[in-house]
Amino acid sequence: MIPTRVIEEKRDGRALEPRALELFLQAYLRGDVPDHQMAAFLMAAYFQGLDDGETEVFVRCMLESGSILDLSHLPGPRVDKHSTGGVGDKVSLVLAPLAAALGLFVPMISGRGLGHTGGTLDKLEAMPGFRTDLELVRFRQILEDVGCAMIGQTAEIAPLDRRLYALRDVTATVPAIPLIAASIMSKKLAEGLTGLLLDVKVGSGAFIPEEVRALELAEKMIAIGTARDLPTVALLTAMDRPLGCTVGNGIETAEAIRCLRGGGPADLRELVLLEAAEMVRLAEPAVGAAEALTRATAAMDSGRALERFARLVEAQGGDPRVVDDPDSLYTAPVSVEAKAARAGIVLEVAPRALGEGVVSLGGGRVLMEQAIDPGVGFEVLVAPGDEVAKGDVLGVVHAVDGDGARLGSQVIQRAVRIGKAGETVERRPLVSHRIGPEAGGQVD
Ligand code: URA
């Protein structure tokens, strides 16, 4: 296998020999193909695509690059959820302990921030002391004790995804359907699950913004899961606006904790409960949608999900005080309000602008392995459809200094588009589609 030949073939749009692609990926993992060659390949794949056979090689090599967990000894179903990446998407932090409180086991392998989107690992690590780099032995113990455990790709689990994920993040090669599908499904297949829920984001803040292509991504992932006997369901969920009211690692974690405590924004709570209900149905297919939602709501409102979260934080080395005092996660030294320059109706709160804004404030990476500032970000106090008067507060910037605060204010002004009263506001439904293998990949 000659690396430049593999890159050339993809660049010129020819189908790759499976064996050559496999050797190329394995050589990258060993360090025999450098990052710059892999970056060239990924860009070629971004433009030329990968066919199903090539995608399958990616899935297999990423999956087999580490261990595949055998969790069959656990006394309950093993169900996880993975999102394709959004802005303000802190669902996993609430959902994993909620699902554990519902009697499921959630062995969650997540990622860091990717492109303009935030990552679960960065949000978890915003809690002082919280460790996401646990050894597998400890991960399994916590899973057994708490019902959920949350780590990243490691040297032991999906190490090839770990390397490619970090490289794609800084080379503008994330938004490719086969690369996303292979990245997500390799991690999830390594978890040894009995059911998987996919949260496929759609709208301007998603990696794949167009509905028809988001459906294609969902169907591709379901096909990968189904081919390996993993019951997989996908929901298409709105990302034409941020989820909840916060964007930025620490302040999103604070919002997730508020949700677990019975507060927080309505859209976050609604999505978490719907997704928990889907996870229950993946575990117990005979349970109807209404019954599953009732169970999820009871587990949240009784405080059982919060109690699981507190145990998770403690087990993974985090400071348990954050559970009672989520405001302690507001650590940025400077906070300023951004105000409406004119009266009107909010037509759009652009998620991508806010996500890129967090990266500019130091809350995301522009270089691989870069340290990030967990405290920076935005609180967004308006939503599409709201009427505002001149001078109303649109949002709050949390920054490290005055320059950051000024930059952040401009980001909010750009992200919140105000139109004339009476103009039509377009909003996607929070959940627009449910796709399951039982319907042969059809939209319900
Ligand atoms: N989430 C992942 O795990 N991988 C991607 O490529 C995108 C979102």
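- Of the possible polar contacts, one joining the Thr84 side chain to the Lys201 backbone as a donor-acceptor pair under 3.5 Å is found.
- Between the side chains of Thr237 and Asp199, at least one donor-acceptor pair of N or O atoms lies under 3.5 Å.
- Atom CZ of Arg162 sits in a sparse spot, with 12 or fewer heavy atoms from other residues, nucleotides or ligands closer than 6.0 Å.
- Distance alone, capped at 3.5 Å, is enough to place a donor-acceptor pair between the Arg168 side chain and the Val174 backbone.
- Between the side chains of Glu255 and Thr246, at least one donor N or O sits under 3.5 Å from an acceptor N or O.
- Nearest heavy-atom pair across Ile177 and Arg213 is CD1-O, 3.6 Å.
- Residue Glu135 qualifies as open at atom CD: its count of foreign heavy atoms under 6.0 Å is 12 or below.
- Because its NZ or CZ atom is both nearer than 6.0 Å to the ring centre of Tyr28 and within 45° of the ring axis, Arg163 counts as a cation-pi partner of that residue.
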For Arg342 and Asp392, what are the C-alpha separation, side-chain angles and deciding distance, and is it a salt bridge (Lys or Arg N to Asp or Glu O under 4.0 Å)? CA-CA 9 Å; Arg342 65 190 181 99; Asp392 277 359; over 6 Å; no

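- Side-chain atoms of Thr253 and Lys90 form no donor-acceptor pair, as typed in the model, at a separation below 3.5 Å.
- Between His398 and Phe378, the distance from one ring center to the other does not fall under 6.0 angstrom.
- Atom CG of Leu134 sits about 4.5 Å away from atom CD of Gln316, to the nearest 0.5 Å.
- A donor-acceptor distance shorter than 3.5 angstrom exists from the side chain of Lys188 to the backbone of Ile109, with no hydrogens or angles considered.
- Across all non-hydrogen atoms, the minimal contact from Leu98 to Met300 is CD1-N, 3.7 Å.
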Stepwise salt bridge (Lys or Arg N to Asp or Glu O under 4.0 Å) test for Arg241 and Asp267: CA-CA 11 Å; Arg241 54 192 183 270; Asp267 61 345; 5.2 Å; no

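- With hydrogens and angles left out, the side-chain atoms of Glu125 and Thr132 include a donor and acceptor closer than 3.5 Å.
- Between His116 and Phe207, the angle of the ring planes goes over 60°, which puts this pair in the perpendicular group of the 30/60° scheme.
- Around CZ of Arg321, the count of heavy atoms belonging to other residues, nucleotides or ligands within 6.0 Å does not exceed 12.
- Residue-environment remark: CD (Glu369) stays at or below the threshold of 12 foreign heavy atoms within 6.0 Å.
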